[in-house]
Amino acid sequence: MKVFGTAAAKIILFGEHAVVYGHPAIAVPVSTIRAAASVDLSHPSHSTRLQVFAQDVDRWVSLDESQEDGLSASIRRAISLLGFEPSGMAAAIHSDIPLASGLGSGAALTAALVRAVTLANSQYMSNETLNAIVYETERIHHGTPSGIDNTVIVYEKPIYFRRGHDLEPIRSAAPLMLLIGDTGISAPTKESVADVRRLYEDHPLEIESVLNQIGQIAEMSRALIESGDLLQLGRNMTDNHHLLQELTVSSHSLDRLVNAALAAGALGAKLSGGGRGGNMIALVEPTTKRAVSDSLLDAGAVRVIQTTVT
Ligand code: PMV
């Protein structure tokens, strides 16, 4: 018998990078793009390998120490943190989430697998424990993650997040229709986070001011989401993008997609996640959705995904 565990992708609406320094940020799950793990209970013995089919990956991951890459290391770490010995581990993960693109693929793969293994072993795990496990595996990829990715993915609801504080769920007064445009360029978050750290060390006053402004935008945007002021929310997204440019985490491809979305009538647009590549998001209305999507594809997006936050 096979049992399954799944987890959603995520996007950051406001506050990436500044959230690492304790400023607030807002993230939402993208429930239509998921990682799904299966564990086959009828398998007679432990397997030391796990099959992973993710977008752009189709490979076996070794659960012994022979593979040194991040994915194997984080899966091994998750299993070692489970608190029990998994049995009958014939496991596979299928994921639609592009890797290293700001959509939380690593956290979602781990969360899905831990859910499946826990279920297969008739164990109960609270979201709090799962969140702590996924955070630990995120540290392998990101070094000093803020914790926003694992939190929004494990709880799968829109959140206002501050490092070291309990998550605060937020409710949107009006549906937020978003397009996610993928540059198709994978960019490790660890590097952009490290570059921002260096920039901060070299120019403390200027960068402190940029981080503060990003935090203020995130704070103000929470109220706008809760009151349904989409026009100002869109402007805030674009302002947030300009501040991320000052942190040097945008790129030519991301800027091109953001400009294309705005020119086609989006209410606002920004990069989402670590930046340098990966994805951007645009806030659209039913009347502009089609034109913005076409414009993103014309400007080089390899795919455009629609999601609505309610
Ligand atoms: O994993 P990504 O690319 O979605 O980026 C996470 C957001 C950052 O603020 C850049 C890093 C962090 O740990 O919060």
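As the structure lists them, so they are numbered: ligands from 1, and atoms in each ligand from 1. In this chain, numbering begins with 1 at the start of the sequence shown.
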Item checked: Ligand-residue contact atoms, ligand 1 with Pro145, heavy atoms, under 4.0 Å -> 13 (O)
Note to self: Given 3.5 Å as the limit, does a donor-acceptor pair link the side chain of Arg303 with the main chain of Gly181, or not?
What the structure shows: no
Note to self: Contact between Leu109 and Ile97 at the side-chain level, heavy atoms closer than 4.5 Å - yes or no?
What the structure shows: no
Notebook entry, point to check: Do the side chains of Lys289 and Leu179 get nearer than 4.5 Å, heavy atoms only?
Noted result: yes
Margin query: Just by distance, no angles: are the side chains of Ser126 and Thr129 close enough, under 3.5 Å, to form a donor-acceptor pair?
Written below: yes
Notebook entry, point to check: Which atoms of ligand 1 are found less than 4.0 Å from any heavy atom of Glu16?
Noted result: 9 (O)
Notebook entry, point to check: At what distance is the nearest protein heavy atom to atom 8 (C) of ligand 1, and which residue and atom is it?
Noted result: His17 N, 3.9 Å
Notebook entry, point to check: Going by atom types only, do Thr6 and Arg34 share a side-chain donor-acceptor pair under 3.5 Å?
Noted result: yes
Item checked: Distance from atom 3 (O) of ligand 1 to nearest protein heavy atom, with residue and atom -> Thr189 OG1, 2.6 Å
Note to self: Starting from atom 4 (O) of ligand 1, what is the nearest protein heavy atom, named by residue and atom, and what distance separates them?
What the structure shows: Lys10 NZ, 2.5 Å
Next item on the list: Give the numbers and elements of all ligand 1 atoms closer than 4.0 Å to a heavy atom of Ile148.
Entry: 14 (O)
Check: Which protein heavy atom lies closest to atom 7 (C) of ligand 1, and at what distance to 0.1 Å?
Finding: Ile12 CD1, 3.5 Å
Next item on the list: Using a strict 4.0 Å cut-off to heavy atoms of Val20, name the atoms of ligand 1 that fall inside it.
Entry: 9 (O), 11 (C), 12 (C), 13 (O), 14 (O)
Notebook entry, point to check: Hey, are Arg222 and Glu226 close enough for a salt bridge, meaning a charged N less than 4.0 Å from a carboxylate O?
Noted result: yes
Check: To the nearest 0.1 Å, how far is atom 6 (C) of ligand 1 from its closest protein heavy atom, and which atom is that?
Finding: Asp149 OD1, 3.7 Å
Notebook entry, point to check: Should Glu138 be listed as contacting ligand 1, given a heavy-atom distance under 4.0 Å as the test?
Noted result: no
Notebook entry, point to check: Counting only heavy atoms, which portion of Leu103 has something under 4.0 Å from ligand 1: side chain, backbone, both, or neither?
Noted result: neither
Next item on the list: Kindly indicate whether the side chain of Leu267, heavy atoms from C-beta on, has any atom under 4.5 Å from the side chain of Thr238.
Entry: no
Checklist line | Residues Ser293 and Gln306: side-chain donor-acceptor under 3.5 angstrom | finding: no
Checklist line | Nearest-neighbour protein heavy atom for atom 13 (O) of ligand 1, which is reported as residue plus atom name and distance | finding: Ser146 N, 2.8 Å
Check: How far is atom 5 (O) of ligand 1 from its nearest protein heavy atom, and which residue and atom is that?
Finding: Gly274 N, 3.3 Å
Margin query: Quick test of your reading: applying salt bridge (charged side-chain N to carboxylate O under 4.0 Å, His left out), list the pairs with at least one residue in residues 243-270, sequence neighbours left out, ordered by first then second residue.
Written below: Glu16-Lys270
Margin query: Could you tell me if Tyr160 and Glu219 have a donor-acceptor pair between their side chains, going purely by distance under 3.5 Å?
Written below: yes
Notebook entry, point to check: What atoms of ligand 1 come within less than 4.0 Å of a heavy atom belonging to Val19?
Noted result: 9 (O), 14 (O)
Margin query: Below the 3.5 angstrom mark, is there an N/O of Gly273, backbone or side chain, next to an N/O of ligand 1?
Written below: no
